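Before any comments, here is the structure.
Being a predicted model, the structure only gives us computed values, none of them experimental.
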Amino acid sequence: MESDCGFCYNENLFVCTMKKLSTIFIAFCISFSLFAQKNTSVPENADFWSDVPNEELADFLVSRMTDEELLSQIFMFGWAGAEPSELLNQWVLDRGLGSVKVFGWNTDNTIQVAKSVTALQKKAQSRRFKIPLFVATDQEGGWIRHVKGDTSDTPGNMAIGSSQYPMDAYYSGYYISKEISALGINMNFAPTIDLYTNHNSSVIGPRSFGEDAEFVGQLGASFTAGSIDAGVIPTAKHFPGHGDTSLDSHGNLPQINIDFQTLDSRELVPFKYLIAQNIPAIMSGHLSFPKIIASGEPASLSHTFLTKILREQLHYTGLIITDDMMMNGATMYAGSLSRAFRMAIEAGNDIVISSTTARLDENLWTSNLSLMQTDSNFRKTVVTAAHRVVLSKLRYFKSGNAAPLYPEIETLKDKVPNRDGQAFFLSQACRSIAAYKTGSFPYKPSENEKILLAGQNQFPEFFEEAKKRYGQDCDQFKYDYELGPIQTDWMSNNLEAIARNYNTIIICVANERSAMIAKRLQNSGKRVIIMSVLSPVPVLDFKWADTILLGYSYSPYTFKALFGALNGEFAPQGKLPLELR
C-alpha cells in the first residue's frame, strides 16, 4: 500500500519501530526515576552547608548555577593595598567569585589581613548557595613569604635540603600552615618541588629543596603532610618543573630544552611522589618545552601537559591552578590576557589566577562568558572545572580540619607567630648550617683583633648576632641588597680600602652583587669569613676565603645559627644539597 505522498507503508517496520521507541521510553523513565531518586535527598533550597553527601551536593549546586556563577567559581583574584578593593568586593558579592589571593604587598598587618578575610567570607556567605572562598597565598618559607607582619620568617626549603631530615620538611609545612590558618587563609601555594637543576636560576634558587629528584619528592611529600595536618591545602609547584632555566617566567617565557624522557625521569619525579600522596592541588607553570611540544606553548596553557600528561598519564585527580596570568610568560604567548584565560581553561586548569582584580566588564570576563553561551564544549569544560572546585571545597570545609572562615581576631597574637614553631625553626636553622670551608673555625678572635662586619642594610640580625659574640666595638660596613653595577663597583672600592685597617672581615653574601663586593677582598691578605645566605652558588668557588658557612636564608633564625656555628656553640652538620660542577 502506498500513500498519496509516496511513503511506502511497511507493517513489520512500523511494529519494530514502535517496539524500539517503547524500549527507549521505558529506559528513559527508568533513568529519570533513578535521577529523581538520586536527587530526592537534596532539598530544593539546599546550600553549601546542607547535610547532603559531598558528591550529590556538588552535582546539585553546579546544576543550578548560572553561567556567570560557574565562570566566577573558577577565577581567583588578588588585591593591592591594605584592604580588598571595592571592585574585589563586587566580584565576591555580585558574581560569586570562587577564590581570592593574599599577595605580599598588602600583608604587613596580620590583624588587618584576618579582618579582610572575614569581610570577604561574609560576603560570600550572603549569596544564595553560601559557597565559601578559597583564600590562598605564597608562604613557602624562607625567601618567599607573602604574608609578613607577625608570621615566622623561616629558614626555607634549601635549609631543609641541607639538614636532610624529612621531619624538618613536615614541621615547616605544619607550623607555616598553622600560622596562616589562624588568619583564615586556607590554601598555600607550597611546597615548591622544582629541582635546582640550573645553578644560574634567578627565580628558584633556595626555594628548591635541592637537586636530587627522589629526595626532593620525599621532602615535598613530608611538607605536604604537615600542611594538611595543620588544616591548609598545599599546592605543589611549578608543574612540570621550573628548575632547569635561568629565566624568570614573570618577565619572559622560559624555554627548557629537554625531551620527555629527561623530564619524566627528573622533573616529574617529585610530582609523582605527591600525586601518590593525593596532593589536593598542583600549580601549572608558564614554561615552554619546545622539544616536547614544537609550538612552544607554555605548560600552563597546554592541553597536552595538563590533560594528557598530568591527568591521563600521571592519574592526577586534584585541582590544577595556574600561576599568575599577569606574568609575561603566559600573556606573551597568548597575545592577550583574555585569550590566555581562555587557553588556560581549555588546557584543563580548574582555577585561573590574576594577581590584580579584573574590571567587571573586562574582556577576560565578557569574551569567555560569551563563549560559554555559544560553544557547548567550552561550557562543558567550565562546568567540569567549577564542579571540581565546588567538590574540593565541600571535602575541605566539611572535613573538620579547615581554617576558620572568620578568624578569631582577639586570640591572633597568641597564634601568630606560633610559639612552638619559633623553637622549631631555630633548631631547624642550626641543623641546616653547612661548613663549606673551615679555616679559623670555630672563630675565636685574639684580644686586640680588629673586626669589620660587612653586610646588607636590610639584614640587621647579621650585625646584631655578630656583636653579641664578638663585642659591640666591631665596626660595620653596610650596603643595599639590591645594587646596580655602578653602586657595586663603588662599594667594592670602599670596602677594599677600609679593610686595610682590620684583621678580620666577616661578610654576608646574599646574591651575585654582594659576591662581587666580597671578591674584592681576595688579595687583601686579611682573614675573610663568608656568611652565605640564600643561594650558595655565588661563593662555591671562593677557595681564597678563610671560612665559608652556608645558611640559605636571611631569616633571623639563620643568622643566629650561622654565628652560633662560627663561635663554636655547636658543630654544623648540614650538607650542600647540590652537585658541585
Side-chain angles (χ1 to χ4, degrees), residues 205-206 433-556 558-569 572 576:
I433 303 302
Y436 182 70
K437 188 172 188 294
T438 54
S440 307
F441 183 84
Y443 172 56
K444 300 292 183 181
S446 59
E447 185 175 347
N448 297 316
E449 190 165 339
K450 296 186 67 177
I451 301 172
L452 178 65
L453 307 173
Q456 293 77 2
N457 284 303
Q458 291 81 0
F459 306 156
E461 294 86 2
F462 169 79
F463 300 98
E464 291 167 7
E465 294 298 330
K467 285 175 173 289
K468 285 179 186 177
R469 292 161 176 86
Y470 301 120
Q472 294 299 315
D473 56 346
C474 292
D475 289 333
Q476 301 174 88
F477 180 87
K478 295 184 177 181
Y479 45 88
D480 285 334
Y481 176 78
E482 296 286 352
L483 293 172
I486 295 175
Q487 291 172 302
T488 303
D489 191 53
W490 190 85
M491 285 292 178
S492 300
N493 289 335
N494 272 273
L495 179 60
E496 189 176 21
I498 293 170
R500 298 185 186 121
N501 301 316
Y502 296 89
N503 305 108
T504 299
I505 299 94
I506 304 175
I507 184 167
C508 180
V509 175
N511 52 24
E512 289 288 348
R513 293 294 183 187
S514 51
M516 292 171 67
I517 293 173
K519 202 166 186 176
R520 291 290 285 273
L521 300 171
Q522 180 174 358
N523 299 313
S524 65
K526 307 297 182 179
R527 178 191 289 116
V528 179
I529 297 172
I530 305 287
M531 296 287 197
S532 171
V533 298
L534 297 178
S535 172
V537 171
V539 304
L540 295 183
D541 64 349
F542 281 16
K543 296 181 175 60
W544 51 268
D546 178 88
T547 298
I548 302 176
L549 297 182
L550 309 180
Y552 314 108
S553 85
Y554 45 67
S555 161
T558 296
F559 285 117
K560 284 180 184 291
L562 280 167
F563 279 100
L566 182 64
N567 196 43
E569 295 160 28
L576 176 69

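A 4.5 Å side-chain heavy-atom check between L549 and F441 finds at least one atom pair inside the cut-off. Looking at Y470 and F563, their side chains come closer than 4.5 Å, going by heavy atoms from C-beta outward. Counting only heavy atoms from C-beta outward, the side chains of K467 and L453 approach each other to under 4.5 Å. Side chains of Y443 and T504 form a contact here, defined as non-hydrogen atoms less than 4.5 Å apart. Side-chain contact between L452 and D475 is present, with heavy atoms from C-beta onward closer than 4.5 Å. Side-chain contact between I498 and I505 is absent, with no heavy atoms from C-beta onward closer than 4.5 Å.
Among all heavy-atom pairs drawn from P442 and A565, the shortest one is CB-O, 4.4 Å. What you find for I548 and A545 is that their closest heavy atoms are CG1-CB, 3.9 Å. I530 and F542 get closest at one heavy-atom pair: CD1-CD2, 4.2 Å. Between F559 and E461, the shortest heavy-atom contact is CD1-CB, 3.8 Å. Residues G439 and T547 share a closest heavy-atom pair of N-OG1, 3.3 Å. In plain terms, the two heavy atoms of K468 and Q472 that are nearest each other are N-NE2, 4.4 Å.
Salt bridge status for R469 with E465: present, with a side-chain N to carboxylate O gap under 4.0 Å.
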Let me check something: any side-chain donor-acceptor pairs from residues 517-525 under 3.5 Å, sequence neighbours excluded? List them with distances.
from : atom 1 : to   : atom 2 : distance (Å)
R520 : NE     : E496 : OE1    : 3.3
R520 : NH1    : N493 : OD1    : 3.4
R520 : NH2    : N493 : OD1    : 2.2
R520 : NH2    : E496 : OE1    : 3.1
S524 : OG     : L521 : O      : 2.8
S524 : OG     : K526 : N      : 3.2

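The closest donor-acceptor contact from the side chain of S492 to the backbone of T488 lies under 3.5 Å. The backbone N or O of L540 lies less than 3.5 Å from a partner atom in the side chain of Y436, making a donor-acceptor pair. A donor-acceptor pair under 3.5 Å is absent between the side-chain atoms of D489 and the main chain of P485, judged by distance alone. Remark: side-chain polar atoms of N503 are not paired, donor with acceptor, to backbone N or O of E449 under 3.5 angstrom.
No more than 12 heavy-atom neighbours from other residues, nucleotides or ligands sit within 6.0 angstrom of NZ on K560. Heavy-atom contacts from other residues, nucleotides or ligands closer than 6.0 Å to CH2 of W544 number more than 12.
Residues satisfying the side chain to side chain contact (heavy atoms under 4.5 Å, CB included) test with Q456, not counting sequence neighbours, are Q458, F459, Y479, Y481, C508, A510, S514. Considering only residues two or more places apart in sequence or on other chains, K450 meets the salt bridge (Lys or Arg N to Asp or Glu O under 4.0 Å) condition with none of them.
Of the inter-residue distances, the one linking L495 atom CG with R500 atom CZ reads 10.5 Å to the nearest 0.5 angstrom. Considering CD of E569 and CG of N567, their distance stands at 4.5 Å, rounded to 0.5 Å. Separation of atoms CD1 (I507) and OG (S532) is listed at 11.5 Å; rounding is to 0.5 Å.
Results of the side-chain contact (heavy atoms from CB on, under 4.5 Å) test with L550 over T558, V539, V533, L562 single out V539 as the only residue that passes.
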